[in-house]
Amino acid sequence: MQKDTHLQTIKADNFVKAFKTNNETVLKVIYKENYRRVELYIIQNNGTKHQAKDIYQEAFLAVWKNIKNNRFFPKNKNSINKYLYTIAKNKWIDYLRSNDYKKTTTYSKLNGLDIGQLKFEITENYTENNDKLNKVMLSFQNLGYACKTLLTKFYFEKKSMKEIALELQLDVASVRNKKYRCMQKLRKLVLNNDNEK
Amino acid sequence: MKNNYNISQEKFEQIERYILMNMYGKELTDFKKELKTNKQLQQKVEEYRIIITGIEEQSFLNKLDKFHTDLNPTKTITETPKIFSFTKYAITASITLIIGFGIYWFYNSSNSNQRLYTKYFKPDPGLPTVMSTTNNYNFYDAMVNYKRENYKLAIKKWEELLKKEPHNDTLNYFLGVAHLANNNQTQSIKYLKNVIKNKNTNFKDDAYYYLGLAYLKKGNTNLAKKNIKLSNNKSKKDILEKLEKR
């Protein structure tokens with residue numbers, strides 16, 4: 001595994017740039033570096049592995065959004081790590097205090113100790129995101145593989161039409177046309193979701 | 001009132017250029033001017049802005065899932081190159097055919113035990129671990145390992161504690177379920193049996209259930225049935241029905 005020492009020397013604005021361009025290498029290193037610590041915290045505080053994953057990804061999403069929207073300007077990798085951990089911790093504490101968190105207590109199995117056993121039901125919640133955006137995200141997941149891949153390459157990986165054309169072994173005009181058709185397809189799916197409500 | 005008509009590719013690409021900030025000079029000034037007065041255009045721009053944001057965000061989440069699976073790399077199977085030898089191949093093939101039928105008959109019954117086990121086995125979720133308690137810190141410390149599926153370490157720590165309290169049914173119970181989750185049915189059975197010796201244990205139902213599953217995994221359907229009958233698990237009826245059919 002390559003050491004990430006070179007990441008340590010990246011300047012602040014390059015980190016911001018990496019996040020804004022969805023640089024996969026940087027995102028991956030930060031993701032892998034911070035997960036275990038968050039997992040440990042959540043499991044030590046009544047959580048499960050599954051919950052740890054969900055909370056961590058929600059927190060990571062929040063960090064990514066805040067950097068993109070210039071609400072957070074990390075000075076170095078350590079400040080990103082700290083920020084991510086803090087957000088995850090707060091999200092977990094919020095969850096434990098929320099109304100979504102239903103408890104049923106059954107008596108402890110422990111001999112001599114009086115701790116109640118808590119069972120949790122987790123209800124799905126889309127915090128922060130607005131309704132329309134959620135519809136788009138759901139519909140996107142239901143797009144076919146070809147459209148999904150193409151749109152990911154362009155809008156997320158920020159590859160140029162030329163690059164994508166090379167990858168797909170087509171000419172640029174065809175790729176542009178495919179992208180247009182995929183977008184119309186997605187739009188239709190979103191509108192159908194709307195009409196079903 | 002919604003505008004459901006499709007726009008042309010050209011129009012779409014223009015709106016996209018604007019949203020992605022790839023529009024400059026005269027085109028940009030003209031577009032902004034039109035946007036001020038054209039409500040339909042405003043709506044379209046907003047619509048596509050949300051779509052593009054949604055695509056980016058969902059792609060991002062999909063990437064996170066990919067990163068997550070990379071956290072626990074599965075064991076790599078290394079393939080050693082084999083020198084193909086026809087005679088060797090022929091002999092192996094014929095032997096396989098001869099005993100194949102016998103094995104098929106034998107494994108058919110034990111495979112269904114395995115399948116039944118896999119269908120109904122779920123590791124005990126463990127006890128809540130609020131680390132502020134100073135009592136029984138070592139027990140809960142191992143519980144954290146157990147929940148993170150680090151069964152070997154949990155077992156090591158609990159076995160250490162068991163030395164001082166060999167009859168503690170909590171310790172025996174969790175050692176039993178940890179060994180079972182770690183695929184060691186023999187050890188699991190040993191500890192779970194200790195649990196049921198105590199008539200008043202709170203773990204009685206679950207201990208009988210997991211004992212039954214452990215015997216099922218070992219292929220002993222009689223003891224599996226016997227122990228599951230003594231349990232009170234919600235899956236009890238289904239498993240017994242399936243076992244009775246044989």
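Throughout, a chain's letter reflects where its sequence line sits, starting with A, and its residues are numbered from 1.
- Annotation: A:R176, atom CZ; neighbour count of heavy atoms from other residues, nucleotides and ligands within 6.0 Å does not exceed 12.
- Side-chain contact check for B:I50 versus A:V136: some heavy-atom pair is nearer than 4.5 Å.
- Looking only at side-chain heavy atoms (C-beta outward), B:N62 and A:K148 come within less than 4.5 Å of each other.
- Within the 4.5 Å cutoff, no side-chain heavy atoms of B:E57 are placed close to those of A:F140.
- A:K68 has a carboxylate O that lies under 4.0 Å from a charged side-chain N of B:E56, or vice versa, which qualifies the two as a salt bridge.
- For B:F60, the parts lying near chain A are the backbone and the side chain together; criterion is any non-hydrogen pair under 4.5 Å.
- Looking at A:L186, only its side chain comes within 4.5 Å of chain B, counting heavy atoms on both sides.
- B:E16 and A:K179 are joined by a salt bridge, as a carboxylate oxygen and a charged side-chain nitrogen come within less than 4.0 angstrom of each other.
- With a threshold of 4.5 angstrom between heavy atoms, A:F60 approaches chain B through its backbone and through its side chain.
- With a 4.5 Å cut-off on side-chain heavy atoms, B:K147 and A:T48 do not count as touching.
- Contacts between A:L143 and chain B at a heavy-atom distance below 4.5 Å are absent for every atom of the residue.
- Atom NZ of B:K156 has 12 or fewer heavy atoms from other residues, nucleotides or ligands within 6.0 Å.
- Neither the backbone nor the side chain of A:R181 comes within contact range of chain B, judged by heavy atoms closer than 4.5 Å.
- Within the 4.5 angstrom heavy-atom criterion, only side-chain atoms of A:Q184, from C-beta onward, approach chain B.
- Atom NZ of B:K236 is surrounded by more than 12 heavy atoms from other residues, nucleotides or ligands within 6.0 Å.
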Under the side-chain contact (heavy atoms from CB on, under 4.5 Å) criterion, do A:N22 and B:K63 qualify, and how do the steps go? CA-CA 10 Å; A:N22 300 326; B:K63 278 286 178 221; over 6 Å; no
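- Annotation: side chain of B:Q58 is not in contact with side chain of A:T152 (no heavy-atom distance under 4.5 Å).
- Interface remark: A:F154 contributes side-chain atoms only to the contact with chain B (heavy atom separation under 4.5 Å).
- Contact check for A:M183 versus B:I55: side-chain heavy atoms found under the 4.5 Å cut-off.
- At a 4.5 Å heavy-atom cutoff, the contact between A:E157 and chain B is made by side-chain atoms alone.
- The environment of A:K185 atom NZ is sparse: at most 12 non-hydrogen atoms of other residues, nucleotides or ligands sit within 6.0 angstrom.
- Between B:H68 and A:Y31, the ring planes lie perpendicular to each other; the angle is over 60°, past the 30° to 60° tilted range.
- Nearest heavy-atom pair across B:L20 and A:Y155 is CD1-CE2, 4.2 Å.
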B:R148 vs A:R36, side-chain contact (heavy atoms from CB on, under 4.5 Å): CA-CA, chis, key distance, verdict: CA-CA 10 Å; B:R148 297 179 93 183; A:R36 290 296 169 203; 3.9 Å; yes
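- Counting heavy atoms from C-beta on, the side chains of B:E47 and A:R187 come closer than 4.5 Å.
- Between A:E58 and B:L64, the closest side-chain pair of non-hydrogen atoms is not below 4.5 Å.
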